[in-house]
S.K.: 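Could you have a look at this structure, given as structure tokens, before my questions?
Not measured: the values here are computed from a predicted model. Indexing begins at 1, ligand by ligand and atom by atom, following the structure's order.
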Amino acid sequence: MKPSMNSICTVIAWQEPVGLMALPILSIDPERCTSEAEAVEPAIALGIALQLTNILRDVGEDALRGRIYLPLEEMRHFGYSEEELFSGVVNDRYQELIKFQIARVRAYYRTAEHGIAKLHPDARLPIRASLDMYRQILDAIEENDYDNFHRRAYVSKLKKALTLPVSWLRVQDTEGTWLGRLWGPFDRGFIQRPNG
Ligand SMILES: CC(C)=CCC/C(C)=C/CC/C(C)=C/CC/C(C)=C/COP(=O)(O)OP(=O)(O)O
């Protein structure tokens, strides 16, 4: 199905400048990137991914305030009503709706991560770690069976602490080295989720 033209476009419109503003502050690596333009798409994608993740985590809280940030057209497409959302109903239609949302956010994260290597070396680890940790909120929503009304999608401090060395390894220049040969397949095979 086509993405909804309301909320998702609004998020994109709000997040475009955020990612764009972050780029010159972080700065690019001139040895890996001839112009900032090469990093624009991933930078915008990261802003959108972070914001959409936030929206998915906070569906319940927002509903309590009478707010819906999920695209209404997509709710309708999955047969899930505003009344159900305000009552915190988690049924198979809602689970399908949230699965669809998560898949879209993960696609934005994948676009974003291609840009990390283009950033100045000092900026790579904080951005990589933010992406790796924030993305786990989506895994937590799945682990909660998509119930983001009654269960908070939470990434523990321990999980975050364990993620940091993974993020560090991911930003190392290991191509062609023994570490790269070991780490790359291990990361893809054992740490990353198949759809992550
Ligand atoms: C990947 C490359 C090449 C560059 C990175 C460029 C960056 C840093 C982009 C991210 C921009 C950014 C910091 C976006 C913020 C998104 C976000 C978490 C929004 C949520 O903010 P609020 O809506 O205030 O949160 P609450 O709802 O929790 O108050």
S.K.: Which pairs pass side-chain hydrogen bond (donor to acceptor under 3.5 Å, both in side chains) with one or both residues in residues 36-48, sequence neighbours excluded?
M.R.: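 As it turns out, the side-chain hydrogen bond (donor to acceptor under 3.5 Å, both in side chains) pairs with a partner in residues 36-48, which skip direct neighbours, are T34-E38.
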
S.K.: Does a salt bridge link E73 with R76, judged by any charged N lying under 4.0 Å from a carboxylate O?
M.R.: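 Result for this pair is no, no salt bridge flagged.
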
S.K.: Tell me whether atom 24 (O) of ligand 1 lies less than 4.0 Å from at least one protein heavy-atom position.
M.R.: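 Given the 4.0 Å cut-off, atom 24 (O) of ligand 1 does not count as touching protein heavy atoms.
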
S.K.: Give the residue and atom name of whichever protein heavy atom lies nearest to atom 2 (C) of ligand 1, and the separation in Å to one decimal.
M.R.: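 The closest heavy atom on the protein side is A43 CA, 3.7 Å.
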
S.K.: Looking only at protein heavy atoms, which one is nearest to atom 16 (C) of ligand 1, and what is the separation?
M.R.: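 Closest protein heavy atom to atom 16 (C) of ligand 1: L50 CB, 3.6 Å.
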
S.K.: Using a 4.0 Å heavy-atom threshold (strictly under), name the region of I127 that reaches ligand 1: side chain, backbone, both or neither.
M.R.: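 Within the 4.0 Å criterion, I127 contacts ligand 1 through side-chain atoms alone.
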
S.K.: Looking only at protein heavy atoms, identify the closest one to atom 15 (C) of ligand 1 and say how far it is in Å.
M.R.: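 Result for atom 15 (C) of ligand 1: Q15 OE1, 4.0 Å.
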
S.K.: Could you list the atoms of ligand 1 found under 4.0 angstrom from a heavy atom of A112?
M.R.: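 Once the distances to A112 are compared, the set is 1 (C).
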
S.K.: Find all atoms of ligand 1 within a distance of less than 4.0 Å from any non-hydrogen atom belonging to A22, and give their numbers and elements.
M.R.: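 Atoms satisfying the 4.0 Å criterion: 6 (C), 7 (C), 8 (C).
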
S.K.: Rounded to the nearest 0.5 Å, what separation is found between the NE2 atom of H120 and the CD1 atom of I28?
M.R.: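 H120 atom NE2 to I28 atom CD1 measures 10.5 Å (nearest 0.5 Å).
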
S.K.: State whether any protein heavy atom lies less than 4.0 Å from atom 29 (O) of ligand 1.
M.R.: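 For atom 29 (O) of ligand 1 the answer is no, since every protein heavy atom stays at 4.0 Å or beyond.
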
S.K.: Would you mind checking which non-hydrogen protein atom is closest to atom 11 (C) of ligand 1, with the distance to 0.1 Å?
M.R.: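 Ranking protein heavy atoms by distance from atom 11 (C) of ligand 1, first comes V18 CG1, 3.6 Å.
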
S.K.: If the threshold is 4.0 Å, N to carboxylate O, is there a salt bridge linking R152 and D58?
M.R.: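 Here R152 pairs with D58 in a salt bridge, since their nearest N and O are under 4.0 Å apart.
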
S.K.: Check this for me: does any side-chain nitrogen of one of E142 and K99 sit under 4.0 Å from a carboxylate oxygen of the other?
M.R.: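 No, this pair does not count.
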
S.K.: Tell me whether R135 is salt-bridged to D139, with the criterion being a basic N under 4.0 Å from an acidic carboxylate O.
M.R.: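 Looking at R135 and D139, the cut-off is not met.
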
S.K.: Inspect the contact between K118 and D29 and indicate whether a charged nitrogen and a carboxylate oxygen are less than 4.0 angstrom apart.
M.R.: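 Looking at D29 and K118, the cut-off is not met.
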
S.K.: Side chains of Y69 and N54: any donor to acceptor distance under 3.5 Å?
M.R.: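 Distance-only check fails for N54 and Y69.
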
S.K.: Which residue owns the protein heavy atom closest to atom 19 (C) of ligand 1, what's the atom, and how far is it?
M.R.: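 The closest one turns out to be Q51 OE1, 3.4 Å.
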
S.K.: How far is atom 27 (O) of ligand 1 from the closest protein heavy atom, and which atom is that?
M.R.: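 Result: N54 ND2, 3.2 Å.
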
